[in-house]
Amino acid sequence: MLILSRRIGEQIRIDEHTVLTVLKVRGQQVQLGFEAPAAVSIIREELIASGRRSVEDERQVAASY
């Protein structure tokens with residue numbers, strides 16, 4: 001596992017098309033922004049484990065931001 005420290009506004013580039021940006025830090029909660037092609041699924045782990053939402057539902061939620 002690679003562990004990186006970032007400050008608000010700093011980015012991590014995953015590949016040439018995917019970028020992670022630290023948007024906000026409040027206590028132990030971090031808000032992240034992802035820029036990736038529409039074909040890339042970005043799904044929170046707890047949603048996969050619980051099966052509460054389908055991949056398509058998560059894409060719709062992500063698209064609303």
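- Think of Met1 as one node in a network of Ile, Leu, Val, Met, Phe, Trp and Tyr side chains linked at under 4.5 Å; its network also takes in Ile3.
- Every residue two or more places apart in sequence or in another chain that forms a salt bridge (Lys or Arg N to Asp or Glu O under 4.0 Å) with Glu10 is listed here: Arg6.
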Return a table of donor-acceptor pairs under 3.5 angstrom between the side chains of residues 17-27 and protein atoms on other chains or two or more places apart.
residue : atom : partner : partner atom : Å
Thr18   : OG1  : Asp15   : OD1          : 3.1
Thr21   : OG1  : Gln11   : NE2          : 3.1

